[in-house]
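Data first, discussion second: the structure below is written as structure tokens.
In what follows, every chain begins at residue 1, and chains take the letters A, B, ... in the order their sequences are listed. Keep in mind it's a predicted model, so treat the numbers as computed, not measured.
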Amino acid sequence: MTAWPTTVAEAEAEQDRLRPLVDLTDAGPPPRTVAGLDVAYADGDERLVAAVVVLDAGTLAPVDQAITIGRPAFPYVPGLFAFREIPALLDALDRLTVRPDLLVCDGHGLAHPRRFGLACHLGVLTGLPALGVGKTHLTGDWTMPGERRGDASPITLDGVTVGAVLRTQDRVRPVFVSPGHRCSVAGATAQVLALAPRFRLPETTRAADHACRAALAERTR
DNA sequence: GCGACAG
DNA sequence: ATCTTGTCGC
């Protein structure tokens, strides 16, 4: 890989370069293990903790976990968010003792201004199936889905469906799901629903979030 | 020109 | 993302 981008122009060019490598076909067999990834910040923009937690796809029980401490690799710019956290996330992934079958990322995938959000980027760089779950909207047209768990409506860009607004629990705010790599919109949506049997956010992101905060608290004493 | 804008 | 109390509800 070339040097990590320093400017907005370089970062956007890198997204355009990697975008053609995205595969929107569902990976064959259902994932046996699923990884949740998240990052927590300390001291503003000084330090961060990245965590990856791997769960058994069937029982949702944790099977592996890894964290790393680092620094943001890029300023926060909407649309270029991935450049900020990817180096730390890749480092954490390298510390796992197992290869997860699916990466569940915090943020968007295809539902991105250049159709190459964090989930696509991480998926292409690792070669692993990946999807994105955003807590808020980034881009694209959408309408509020029904109020029941499982209700969903499409997110479109230029008339093309790039993701889904999914209600994971009755009467709770929906999440924004989009494919990252080696999965379809429908596949990603089904996966997220299965990973969120009880709360709004998938168990993977909840577990990763907890791991980040725990490591942050541990290191702040 | 005026908003919108993942974490 | 993070800064932050109490409060309502399962």
For A:L93, the option from A:L103, A:L125, A:T68 that meets side-chain contact (heavy atoms from CB on, under 4.5 Å) =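 Looking at A:L103, A:L125, A:T68, the match for A:L93 under the side-chain contact (heavy atoms from CB on, under 4.5 Å) is A:L103.
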Polar pairs (N or O, both sides) under 3.5 Å between protein and nucleotides 5-7 of chain C?
none

In Å and rounded to the nearest 0.5 Å, what is the CZ to OG1 distance from A:R114 to A:T139?
->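 If we round to the nearest 0.5 Å, A:R114:CZ and A:T139:OG1 are 10.0 Å apart.
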Does the side chain of A:R115 reach to within under 4.5 Å of the side chain of A:D158, using non-hydrogen atoms?
->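 Contact flag for A:R115/A:D158 side chains = yes.
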Writing each nucleotide of DNA chain B 5' to 3' as (, ), [, ], | or . by Watson-Crick or G-U pairing under 3.5 Å yields .......
With the 4.5 Å side-chain cut-off for hydrophobic clustering, are A:L55 and A:V52 part of the same group?
->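 No, no single cluster joins them.
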Is the gap between the ring centers of A:F81 and A:H108 under 6.0 Å?
->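 No, too far apart.
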Does the side chain of A:T205 pick up a donor-acceptor pair with the side chain of A:D38 at under 3.5 Å?
->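 No, no side-chain donor-acceptor contact under 3.5 Å.
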A:E85-A:Y76 side chain donor-acceptor pair, cut-off 3.5 Å =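 Side chains of A:E85 and A:Y76: no pair found under 3.5 Å.
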In terms of the angle between their ring planes, are A:H121 and A:F116 parallel, tilted or perpendicular, with boundaries placed at 30° and 60°?
->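 Judged by the thresholds at 30° and 60°, the geometry between A:H121 and A:F116 is tilted.
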Interatomic distance where CZ belongs to A:R47 and P belongs to C:dT2 [whole Å] =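 Going from CZ in A:R47 over to P in C:dT2 covers 16 Å.
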Assign A:A111 to base, sugar-phosphate, or nothing according to its heavy-atom contacts below 4.0 angstrom with the strands shown.
->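 A:A111: no heavy atom of the nucleic acid under 4.0 Å.
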Under a 4.0 Å N-O cut-off, is there an ion pair linking A:D16 with A:R19?
->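 Here A:D16 pairs with A:R19 in a salt bridge, since their nearest N and O are under 4.0 Å apart.
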Grab the N/O contacts between the protein and nucleotides 4-7 of chain B below 3.5 Å, and write none if there aren't any.
| from | atom 1 | to | atom 2 | distance (Å) |
| --- | --- | --- | --- | --- |
| B:dA6 | OP2 | A:Y76 | OH | 2.3 |
| B:dA6 | O4' | A:H108 | ND1 | 3.3 |
| B:dA6 | N7 | A:G79 | N | 3.1 |
| B:dA6 | N6 | A:G79 | O | 3.1 |
| B:dA6 | N6 | A:F81 | N | 3.3 |
| B:dA6 | N6 | A:H112 | NE2 | 3.4 |
| B:dA6 | N1 | A:L118 | N | 3.2 |
| B:dA6 | N3 | A:H108 | N | 3.0 |
| B:dG7 | OP1 | A:K135 | N | 2.9 |
| B:dG7 | OP2 | A:T136 | OG1 | 3.1 |
| B:dG7 | O3' | A:D106 | OD2 | 3.4 |

Indicate the atoms forming the closest heavy-atom contact of A:Q15 with A:G79, along with that distance.
->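 Distance-wise, the nearest heavy atoms are NE2-O, 2.9 Å.
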Can a side chain N or O of A:R171 be found less than 4.0 Å away from OP1 or OP2 on C:dG9?
->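 Indeed not, no polar side-chain atom of A:R171 lies that close.
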